[in-house]
Amino acid sequence: MNKTTSYTIVGLTLLTTLIASCGPQKHKGGRTDTYSSGVIRFASDESFSPIIEEERDVFESIYTKAKVNPTYTSESEGINLLLKDSICLMIAARDFKPNEKKNLQDRRFMPQSFAIAYDGLALIVNKTNTDTCITVNDIARILTGKVKKWSDIYPSSKRGDIVLVFDNKKSSTVHFAEDSILHGNPITSPNVIATNKTADVISYVEKNTGAIGIIGSNWLNDKRDTTNLTFNKNIRLMSVSKLQKATPANSWKPYQYYIYNGNYPLIRTIYCLLNDPINGLPWGFANFIRSPKGQMIVMKAGLLPVVGNINIRNVNVTE
């Protein structure tokens with residue numbers, strides 16, 4: 001018997017407006033880059049590296065005299081580089097904090113920021129694990145050590161200890177967990193560990209049946225699937241519920257539509273943080289990401305664009 005599955009597809013109608021850059025200023029500190037040429041270094045949270053690499057490839061293919069070299073690091077380290085004036089652009093999962101902005105302004109800088117995408121943090125488990133519904137409250141209890149075994153959530157589970165894995169102890173995913181899931185409190189569970197990068201999280205989950213990994217959803221998409229509805233076949237994706245008890249009916253995966261309508265509870269905003277006094281290549285690359293071409297790359301990577309008109313349509317797939 002043929003099986004028919006209904007999906008909701010998110011489309012994007014792009015706008016033609018861009019963020020306007022300021023007028024030209026004299027170069028300072030010996031920089032020779034312009035809005036569309038030269039060589040710069042910028043930083044990005046490592047969890048965004050797949051989409052930033054795509055943005056970079058297209059940008060450099062259009063602006064052949066420009067070279068934008070990324071440093072993929074933790075959120076904390078990248079923002080520290082920006083505050084030290086070592087870079088002029090940082091791509092992060094948060095805006096400037098008031099004290100950071102004041103620090104730069106007191107030194108006669110003009111820090112600016114804008115959103116470029118919405119990302120759903122994904123929870124992944126081993127492909128043998130069929131317990132794939134979880135609540136935000138369950139995640140909080142794991143983070144604080146109140147839940148240590150799978151049987152604490154699923155009484156019949158024989159899977160043993162839960163190990164929750166982050167990409168980096170100073171990453172944006174850790175900050176999101178502490179700020180948005182634990183409401184400003186620290187992670188205290190001994191069952192929470194951190195690797196060095198997102199690829200290591202996926203590898204750990206593939207090899208450990210009791211693990212839960214937390215990663216950015218742009219790591220999961222099958223590049224051959226233009227609908228962004230399939231994910232890495234070596235892992236399973238958990239569905240997350242805002243309610244006290246998770247069921248298949250009230251739990252959601254980080255598909256674009258569920259980010260768009262707010263059903264998925266673990267959503268973060270990605271920002272370009274700029275401290276570029278000459279409005280040079282850092283501004284050019286950042287504005288490209290927010291441009292129609294850049295936002296289409298965001299769309300194809302499985303994230304939700306911030307610019308453009310979102311179009312929704314239903315698709316039935318018969319297997």
Side-chain angles (χ1 to χ4, degrees), residues 18-22 24-25 27-97 100-101 103-104 107 109-117 119 167-168 170-173 175 196-198 216 218-219 268-291 293-295 297-298 301 303 305-307:
L18 298 177
I19 290 183
S21 64
C22 299
Q25 297 181 25
H27 289 299
K28 299 178 181 179
R31 282 176 55 188
T32 59
D33 59 285
T34 71
Y35 195 80
S36 59
S37 68
V39 180
I40 60 155
R41 183 170 70 101
F42 71 97
S44 170
D45 189 284
E46 186 272 337
S47 65
F48 306 135
S49 60
I51 187 171
I52 297 305
E53 281 300 301
E54 292 187 46
E55 297 279 4
R56 176 176 169 240
D57 286 346
V58 176
F59 178 78
E60 290 181 349
S61 71
I62 297 171
Y63 302 100
T64 56
K65 294 182 179 180
K67 186 71 175 176
V68 289
N69 297 318
T71 296
Y72 294 116
T73 185
S74 69
E75 183 178 85
S76 296
E77 291 169 352
I79 291 177
N80 282 337
L81 288 172
L82 190 69
L83 294 174
K84 292 176 182 177
D85 197 26
S86 297
I87 57 172
C88 295
L89 168 64
M90 170 62 187
I91 298 169
R94 67 168 177 85
D95 203 344
F96 284 110
K97 293 179 180 178
E100 294 167 345
K101 185 170 283 190
N103 175 282
L104 291 168
R107 291 152 54 199
F109 288 109
M110 297 179 63
Q112 298 187 57
S113 61
F114 52 82
I116 56 172
D119 178 36
D167 50 348
N168 185 293
K170 295 182 179 180
S171 73
S172 60
T173 53
H175 293 162
N196 292 316
K197 55 186 179 181
T198 303
N218 70 115
W219 279 83
R268 58 184 180 171
T269 305
I270 305 174
Y271 291 89
C272 283
L273 308 182
L274 286 141
N275 182 34
D276 181 11
I278 69 169
N279 299 303
L281 192 53
W283 263 105
F285 182 53
N287 271 335
F288 171 78
I289 300 174
R290 197 176 164 95
S291 75
K293 282 186 181 293
Q295 290 291 282
I297 295 169
V298 168
L303 281 67
V306 298
V307 178

Measure the CD1-CG distance between Ile270 and Leu303 for me, rounded to the nearest 0.5 Å. 5.0 Å
Sequence-distant partners of Val58, side-chain contact (heavy atoms from CB on, under 4.5 Å), two or more places apart: Ser61, Ile62, Phe288, Ile297
Could you work out, with side-chain contact (heavy atoms from CB on, under 4.5 Å) as the rule, every residue matching Asn168, not counting sequence neighbours? Ser74, Lys170, Ser171
CE of Met90 to CG of Leu83: how many Å apart, nearest 0.5 Å? 10.5 Å
For the side chain of Asn218 and the backbone of Ser47, is there at least one donor-acceptor N/O pair under 3.5 Å apart? yes
Nearest-0.5 Å distance, CZ of residue Phe109 to CG of residue Asp85: 4.0 Å
Distance in Å, Glu53 CD paired with Tyr72 OH, rounded so as to fall on 0.5 Å steps: 3.5 Å
With sequence neighbours excluded, tell me which residues meet salt bridge (charged side-chain N to carboxylate O under 4.0 Å, His left out) with Glu75. Arg94
Considering all heavy atoms of both residues, which atom of Ile87 and which atom of Gly78 are nearest to each other, and what is their separation? CD1-O, 3.7 Å
Side chain to side chain, Leu81 and Arg41, heavy atoms closer than 4.5 Å: yes
Val306 and Ala117 have their tightest heavy-atom pair at CG1-N, 3.4 Å
Measuring only between side-chain heavy atoms, which start at C-beta, is Asn279 closer than 4.5 Å to Tyr35? no
Excluding sequence neighbours, so at least two apart, what forms side-chain hydrogen bond (donor to acceptor under 3.5 Å, both in side chains) with Thr198? Glu46
What I'd like to find out is whether the side chain of Cys88 reaches to under 4.5 Å of the side chain of Arg31, using heavy atoms alone. yes
Evaluate the side chain to side chain contact (heavy atoms under 4.5 Å, CB included) criterion for residues Glu55 and Ile91: first the C-alpha distance (whole Å), next the side-chain angles of each, then the deciding distance (0.1 Å), finally the verdict. CA-CA 12 Å; Glu55 297 279 4; Ile91 298 169; over 6 Å; no
So, using ring-ring contact (aromatic ring centres under 6.0 Å, His included) as the criterion, who are the partners of Phe285 when residues are at least two apart? Phe42, Phe59
By side-chain contact (heavy atoms from CB on, under 4.5 Å), Lys84 pairs with (sequence neighbours left out) Ser86
How far apart are the C-alpha atoms of Asp167 and Thr173, what are their side-chain angles, what is the distance that settles it, and do they pass the side chain to side chain donor-acceptor pair (under 3.5 Å) test? CA-CA 8 Å; Asp167 50 348; Thr173 53; 2.6 Å; yes
Output, in order, the C-alpha distance, side-chain angles, deciding distance and verdict of side chain to side chain contact (heavy atoms under 4.5 Å, CB included) for Val39 and Asp33. CA-CA 6 Å; Val39 180; Asp33 59 285; over 6 Å; no
When every non-hydrogen atom of Ile79 is compared with those of Ala92, the smallest separation belongs to CD1-CB, 4.4 Å
Output for pair (Thr269 OG1, Phe114 CZ), nearest 0.5 Å, gives 14.0 Å
Listed by chain and number, what are the salt bridge (charged side-chain N to carboxylate O under 4.0 Å, His left out) partners of Asp119, not counting sequence neighbours? Arg268
Taking the side chain as every heavy atom from C-beta outward, state whether Cys272 and Leu89 have any pair of such atoms under 4.5 Å apart. yes
One pair to check against side chain to side chain contact (heavy atoms under 4.5 Å, CB included): Leu281 and Val68. What are the steps and the verdict? CA-CA 8 Å; Leu281 192 53; Val68 289; 4.0 Å; yes
For Asn196, side-chain hydrogen bond (donor to acceptor under 3.5 Å, both in side chains) partners two or more places apart: none
All side-chain hydrogen bond (donor to acceptor under 3.5 Å, both in side chains) counterparts of Asn103, not counting sequence neighbours: Arg107
Any chance you could lay out the side chain to side chain contact (heavy atoms under 4.5 Å, CB included) test for Val298 and Ile51, step after step, and finish with the verdict? CA-CA 7 Å; Val298 168; Ile51 187 171; 3.7 Å; yes
Using side-chain contact (heavy atoms from CB on, under 4.5 Å) as the criterion, list what pairs up with Lys65, not counting sequence neighbours. Ser37
Taking only residues two or more places apart in sequence or in another chain, which ones pass salt bridge (charged side-chain N to carboxylate O under 4.0 Å, His left out) with Glu60? Arg56, Lys67
Indicate yes or no for a side-chain donor-acceptor contact from Gln295 to the backbone of Ile116 under 3.5 Å, with no hydrogens or angles considered. yes
About how many Å separate CG of Asn275 and CE of Met110, when rounded to the nearest 0.5 Å? 10.5 Å
Using the test side-chain hydrogen bond (donor to acceptor under 3.5 Å, both in side chains), find all partners of Ser49 that sit at least two apart in sequence or belong to another chain. none
